Amino acid sequence: MSNTAPLITSFDVRFCETDALQHVSNTALVAWFEAAREPIFRMFTPELDLQNWPLILASYKVDFLAQIFYGKPVTVKTYISRLGNSAFDVFQELWQDDKLCSTGITTMVHFDYKTQRSAPIPDNVKSELQSHFKELPTKK
């Protein structure tokens with residue numbers, strides 16, 4: 001599969017997100033990645049209806065590649081890197097000053113809270129997710 005356009009979200013780095021080492025605290029990135037997944041959430045529930053929320057987070061991993069600093073905006077590029085029957089992986093890149101500073105992979109599951117079981121991703125949502133697919137290199 002070919003690489004496609006990411007979903008793009010930008011943030012201004014807030015002073016409160018910096019730490020004693022004068023760079024962005026590692027905890028801020030998890031929140032930024034979550035906020036940048038909002039367009040994906042809207043694919044499942046356009047109004048972000050928390051009473052009918054259809055997703056759970058199964059796991060996430062963040063790799064820190066470079067320091068991020070206050071006073072300069074950051075951009076998160078969001079892709080889908082794996083798409084299964086009921087689960088999918090969201091791959092995200094965080095950039096500052098045209099430098100890749102962090103990556104993250106989050107596994108999300110389409111979930112039916114009434115039955116407490118995973119549920120197949122609807123075909124229309126699957127198609128939308130597929131339009132943001134990025135094939136990741138395989139690890140050796």
Side-chain angles (χ1 to χ4, degrees):
M1 292 184 207
S2 63
N3 290 345
T4 54
L7 298 161
I8 296 178
T9 307
S10 293
F11 300 96
D12 287 326
V13 177
R14 300 176 304 172
F15 182 78
C16 67
E17 293 165 326
T18 60
D19 61 19
L21 298 175
Q22 300 179 15
H23 61 257
V24 169
S25 171
N26 57 30
T27 60
L29 279 69
V30 174
W32 292 343
F33 283 159
E34 180 182 57
R37 288 193 299 272
E38 185 175 309
I40 292 170
F41 301 158
R42 288 186 182 280
M43 292 177 194
F44 288 88
T45 179
E47 293 80 30
L48 301 177
D49 181 2
L50 296 179
Q51 300 305 313
N52 295 299
W53 197 255
L55 297 168
I56 59 172
L57 186 147
S59 69
Y60 67 85
K61 176 183 184 282
V62 177
D63 289 319
F64 303 95
L65 308 174
Q67 294 179 68
I68 303 162
F69 297 96
Y70 172 70
K72 299 177 182 180
V74 294
T75 298
V76 177
K77 297 179 182 181
T78 301
Y79 303 90
I80 303 302
S81 60
R82 182 184 65 83
L83 187 53
N85 184 50
S86 60
F88 58 99
D89 288 347
V90 180
F91 174 71
Q92 295 175 287
E93 301 172 337
L94 188 130
W95 295 79
Q96 188 178 56
D97 288 337
D98 295 321
K99 182 176 185 177
L100 181 60
C101 297
S102 180
T103 60
I105 296 180
T106 305
T107 300
M108 305 291 301
V109 178
H110 186 233
F111 193 76
D112 182 335
Y113 282 90
K114 289 179 182 142
T115 64
Q116 291 293 297
R117 301 182 70 83
S118 62
I121 299 169
D123 288 340
N124 64 318
V125 175
K126 220 175 206 184
S127 177
E128 220 175 328
L129 291 169
Q130 186 67 45
S131 71
H132 300 287
F133 189 87
K134 178 176 183 163
E135 193 163 353
L136 300 181
T138 56
K139 293 185 179 181
K140 295 179 181 181

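Not measured: the values here are computed from a predicted model.
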Practice item. Kindly work out whether a path of hydrophobic side-chain contacts (I/L/V/M/F/W/Y, heavy atoms less than 4.5 Å apart) joins L48 to L55. Key: yes
Practice item. Output, in order, the C-alpha distance, side-chain angles, deciding distance and verdict of side-chain contact (heavy atoms from CB on, under 4.5 Å) for V90 and I105. Key: CA-CA 5 Å; V90 180; I105 296 180; over 6 Å; no
Review point. If you measure from the Lys or Arg side-chain nitrogens to the Asp or Glu carboxylate oxygens, is any gap between D12 and R14 under 4.0 Å?
Key: no
Check your understanding: Should we count CD of Q116 as having more than 12 external heavy atoms under 6.0 Å?
Key -> yes
Exercise for review: May I ask you to decide if A5's main-chain N or O and Y79's side chain share a donor-acceptor pair within less than 3.5 Å?
Suggested key: no
Study note, to complete from the structure: Contacts of L50 meeting side chain to side chain contact (heavy atoms under 4.5 Å, CB included) (sequence neighbours excluded), chain-then-number -> W53
Exercise for review: Could you check if a side-chain atom of D89 sits within less than 4.5 angstrom of a side-chain atom of L83, using non-hydrogen atoms only?
Suggested key: no
Exercise for review: Indicate, with yes or no, if L100 and L29 share a hydrophobic cluster defined by side-chain heavy-atom contacts under 4.5 Å among Ile, Leu, Val, Met, Phe, Trp and Tyr.
Suggested key: no
Practice item. Please check if the side chain of Q96 supplies one atom and the backbone of F69 the other of a donor-acceptor pair under 3.5 Å. Key: yes
Practice item. Answer with yes or no whether the side chains of E93 and T103 bring together a donor and an acceptor at under 3.5 Å. Key: no
Practice item. Quick one: pull up CG in D63 and SG in C101 and give me the separation to the nearest 0.5 Å. Key: 13.0 Å
**Study point:** Gap separating the CG atom of L7 from the CD atom of Q92, nearest 0.5 angstrom
**Key:** 9.0 Å
Review point. Would you say F33 and V76 make side-chain contact, with heavy atoms under 4.5 Å?
Key: yes
Review point. At what distance, to the nearest 0.5 angstrom, does CG of L94 lie from OG1 of T9?
Key: 10.5 Å
Review point. If we only count heavy atoms from C-beta on, is the D112 to R117 side-chain gap below 4.5 Å?
Key: no
**Study point:** N-O pairing of E135 and R82 below 4.0 Å
**Key:** no
Check your understanding: Which distance, rounded to the nearest 0.5 Å, do you find between the CG of D123 and the CD of Q130?
Key -> 12.0 Å
Review point. So do T78 and P6 actually touch side chain to side chain, heavy atoms under 4.5 Å?
Key: no
Review point. With the 4.5 Å side-chain cut-off for hydrophobic clustering, are V24 and W95 part of the same group?
Key: no
Review point. Does the side chain of L129 reach to within under 4.5 Å of the side chain of F44, using non-hydrogen atoms?
Key: yes
Point to revise | Partner residues of Y70 under the ring pair (Phe, Tyr, Trp, His ring centres under 6.0 Å) criterion, sequence neighbours left out | key: F15
Review point. How many angstroms lie between atom CZ of F88 and atom CE of M43, to the nearest 0.5 angstrom?
Key: 8.5 Å
Exercise for review: Identify the two heavy atoms, one from S118 and one from V109, that lie closest to each other, and give their separation to 0.1 Å.
Suggested key: CB-CG1, 3.7 Å
Review point. Any link between F64 and V13 through a network of hydrophobic side chains (Ile, Leu, Val, Met, Phe, Trp, Tyr) touching at under 4.5 Å?
Key: yes
Practice item. Keeping the roles fixed (side chain from H110, backbone from A87), state whether a donor-acceptor pair exists under 3.5 Å. Key: no
Review point. Just by modelled atom types, is the D49 backbone N or O under 3.5 Å from a matching donor or acceptor in the T45 side chain?
Key: yes
Check your understanding: Does any donor atom in the side chain of R37 or T106 lie under 3.5 Å from an acceptor atom in the other side chain?
Key -> yes
Review point. If every non-hydrogen atom of S10 is compared with every non-hydrogen atom of T75, which pair is closest and at what distance?
Key: OG-OG1, 3.1 Å
Exercise for review: Determine whether the side chains of T4 and S131 contain a donor N or O and an acceptor N or O closer than 3.5 Å.
Suggested key: no
Practice item. Please state whether the rings of W32 and F11 are parallel, tilted or perpendicular, taking 30° and 60° as the class boundaries. Key: parallel
Exercise for review: Measure the CG-CG distance between L21 and N26 for me, rounded to the nearest 0.5 Å.
Suggested key: 10.0 Å
Point to revise | Result of checking M108, E128, K126 against I121 for side-chain contact (heavy atoms from CB on, under 4.5 Å) | key: K126
